[in-house]
Amino acid sequence: MESFGLAIAIAGGALAAILGGIGSAIGIGYAAQAANGVLSEDPEKFGSLLILVALPGTQGVYGFIGAFMVLQKIGIFGGTIVALTLQQGLQIFFAAMPVAIACLVSAIWQGKVCTAGVEMVAKRPTEVAKAMIYGILVEFYAVLGLIVTILAVVQMKI
Amino acid sequence: MAIVPVEKIHIIVHKSVKDKFLRDLQKEGIVHITELEESASKANEELTRINAALNQVSVYKKRNPLSMFFSMKRSMKYETFAQTVESYDYGKTVAELETVKNDKEKSIARLHQVEENITLLSPWVPFKKDIRTLKSFKQTEALPVIIPSNEILEKLSNNIEHIPHSKEHINTCGPILYDIYFVKKDQSAQLRAKLIENDCVIVDFKNHTGTPEKLIRLFEKEAEEMKCRIKTLDEKKIELSKEINNLETTADLLSNENRKKEVAEALPETARTTNIIGWVLKRHLKRLNALVEKHGFAFYEKIDRDPDERPPVALQNTRFSKPYEMLVKLYSMPDSKEYDPTPFLAVFFPIMFGLCITDAVYGILLILISLYLMKKVSGDKSLFRILLVGGLLTILAGAVVGGWLGDIFNYIGFAPLIRFKDSLMLFDPVKQPMVFIGLALGLGFIHMMIGIAIEIADSLKNREYGQAIFANLTWFFLIPSIGLYFAVFSSSIIAKAILEIVMWFCIVAIIVASHPEGKPQPIDQIVWAFIIWFIWYLVTSTAGKLMQFQYILQIPRFAYWGLIPLVLFEITRFKKSKAALGKIAWGVYNLYGISSYLGVLLSYVRLMALGMVTGVIAIAINKIAWMLIDIPIVGVILVVVILIPSHLFNLAINTLGGFIHTMRLQYIEFFGRFYSGGSKPFRPFGFETNYIEIE
């Protein structure tokens, strides 16, 4: 039973990295396609569009950090792997879900917002700051998810 | 510190000096001209030509990579600027660039044509006769045909058996066959149809004369020539690109000349004079006076503004808070009757920004980066100043939570460093997140109370005393009282009793003073204040008894009898009371507004979330990097190679997030209390440049 708990805990960490990565990949995909279209008209805008395109990338990092915290908690890096019961494994699994799901959804939506921002910058290049602001507002909820995961994992007693 | 007072003025200029006057007015840049507010600048032919020329050579411009993100202008004195343009014959350079562009386009088109011809002819090289002879037969037509494969050839042969023809095989490249078919002219249409039907291509050699081999040689020679020519043209362009600075200067001058011309056209005129109606800062009146006197045939007068007219707004702040005007402008310029919120931003923005990052080394990096950018980037430096002060506060916040590149000191293991860190550290956010939340909420509470205080001051300034006392001041006392009642003085009976009275007064005042339309009569307010006071007391003390908590303030029983005459009094004025009942419902709804204050307060928790994320990511980066330390020899190098870009990335995303969320707290939580904005910014008619910054 102990190894099963460990497997479930690892699955939680893995899902954090996987879902965050999927979200970021989709989000950046949306924004980058629109940005390439704009660049075909005006390559000078590369710098200002780069930030908008890169914004949805942070969720992948947050997912990765979440996964890292989980793996560290169960002692993958320390050499001695903690023997987890099934309940403890499930606890860690659920602790990893906030960052995993919040990152998946927020990155996709942030990608959509940034795509609209890219289109806006195409018409009004000076307004790039405003486009960025709306993008970052979406990202905040991934940050909250990550905080909940970190607090839950760090404070958990196993 | 505030909104600068402006005067509306009317300048009258005699037409004979109009041009000179406008030039000086543009140079001074002190008058906001009303006519210009909505006009967008129109294109001008010369300007379009220069811009096209600049576009052509801009590829060769030596570019600072920073120019991708910031505008980089060259600074120049006005005299040098005017001289450069005067002594420079931009027409010649522009014309040369245009010739180069046309020639290059032509050469490229010809090169494409020649290359096409070479591709067309090259499979037919084994045909050793002049290809023109193919078109010279009297009764026979020769059809050069490309057949995609042997299978198609077989199919084709079956299909065209009934048409008398002969063919000569010329070449085979892979599966593709190159044949010439000979057929009688009257049957050629039939054969052509069959060929096309079978996916074969009939080649048209156009008017080429000579054997394919010779033709290809000629074309290849021409292609070489064309390439050579394009190279020469490019070299010429590179040479002309040395003129790029002069061209840019000229473009800036011309666009301003153009603007001046537009202004001149837009201004209303009489037979002999031109009229400028606009705004000038009060402190610039002297300069305007001097300008008018210098030109002789000009005159200005102050005029009254229309009662509902909103003058353009300019802000004036101390050196310390000036950079934050940028953030106010980004939201909206304040109304001329409002307070300028810039000084408050100057205090709270850096503190909150620092809390969002909370890492001392990141703070040092931010300071270094902003100092570097301040030196390198010309133009508006507000953003870098904000980052600089934010960096200082980040160091402070980082020291408090013990964030120095995450927990890097623990890895380095140098004892004095760890002792230094620990001596400054007040709490560990990962182990005591509640302390961090409390810090964020406390800061948010102060921020919110200052917002309400400004609201009160605003109402007093506009002589809305009822609004100030009942709708704003009540909240200002109620919210801290609730906090103190439950959190601080939970054991002191006297303090609780005092707080209770304060809270009662506030709640009653909020309910009584709220009214959906118009202002209620004072007598109504007083009578209803008592009624509500009694009812409130009755309800809460009963609830207190039922739910077993001690209620401190005691009212003698007989006081309740006072309710009867009050209610009777209200019943005699039944019609009015009915309206007042609706008012009370509205008041209770207003009281529910406390949830919005709660929402605002909780919103400040984001400071803690953002601050902790920076720290945790930094810790994770260190951990990952240090896994490589045991690799012999290269281990240390690898650790550094991983640490530097990762921490820079963490700094970048968190600076971005911290900046924008701090901005959001100012805009939504803080400005939402008191700020409406919506004025036009004061934009004097002056030099506006793209490439040059005039000192």
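Quick note on labels: first sequence line is chain A, next is B, and so on, each numbered from 1.
- Among residues two or more places apart in sequence or in another chain, the side chain to side chain contact (heavy atoms under 4.5 Å, CB included) test is passed with Ala122(A) by Val38(A).
- In this structure, chain A has heavy atoms under 4.5 Å from both the backbone and the side chain of Leu656(B).
- Both the backbone and the side chain of Val143(A) come within contact range of chain B, each with at least one heavy atom under 4.5 Å from a heavy atom of that chain.
- No option in Leu19(A), Val70(A), Leu146(A) other than Leu146(A) meets the side-chain contact (heavy atoms from CB on, under 4.5 Å) test with Val99(A).
- Only the side chain of Val61(A) has a heavy atom closer than 4.5 Å to any heavy atom of chain B.
- Both the backbone and the side chain of Met132(A) come within contact range of chain B, each with at least one heavy atom under 4.5 Å from a heavy atom of that chain.
- Looking only at side-chain heavy atoms (C-beta outward), Ile631(B) and Leu628(B) come within less than 4.5 Å of each other.
- Looking at heavy atoms from C-beta onward, Gln33(A) lies out of side-chain contact with Thr115(A) at the 4.5 angstrom threshold.
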Which side chain or backbone donor-acceptor pairs connect chain A with chain B at less than 3.5 Å?
unit_1	atom_1	unit_2	atom_2	d
Gln155(A)	NE2	Val430(B)	O	3.0

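- Of the two parts of Ile619(B), neither the backbone nor the side chain holds a non-hydrogen atom closer than 4.5 Å to a non-hydrogen atom of chain A.
- With chain B as the partner, the residue from Leu151(A), Leu144(A), Val148(A) showing the most heavy-atom pairs under 4.5 Å is Leu151(A).
- Between Ile22(A) and Ile108(A) there is no side-chain heavy-atom pair separated by less than 4.5 Å.
- Proximity to chain B is limited to the side chain of Phe68(A), based on heavy atoms less than 4.5 angstrom apart.
- For the side chain to side chain contact (heavy atoms under 4.5 Å, CB included) test, residues two or more places apart in sequence or in another chain that qualify with Val53(A) are Ile28(A), Ala31(A), Ala32(A), Ala35(A).
- Remark: aromatic rings of Phe659(B) and Phe349(B) are close, center separation under 6.0 Å.
- Contact annotation: the side chain of Ile660(B) never approaches that of Phe140(A) to less than 4.5 Å [non-hydrogen atoms, C-beta and beyond].
- Applying the ring pair (Phe, Tyr, Trp, His ring centres under 6.0 Å) test to Phe427(B) and every residue at least two apart in sequence or in another chain returns Phe436(B).
- In this structure, the side chains of Leu648(B) and Ile644(B) come closer than 4.5 Å at one or more pairs of heavy atoms.
- Options Leu50(A), Ile65(A), Val128(A), Ile136(A) differ in how many heavy-atom pairs under 4.5 Å they form with chain B, and the most are formed by Ile136(A).
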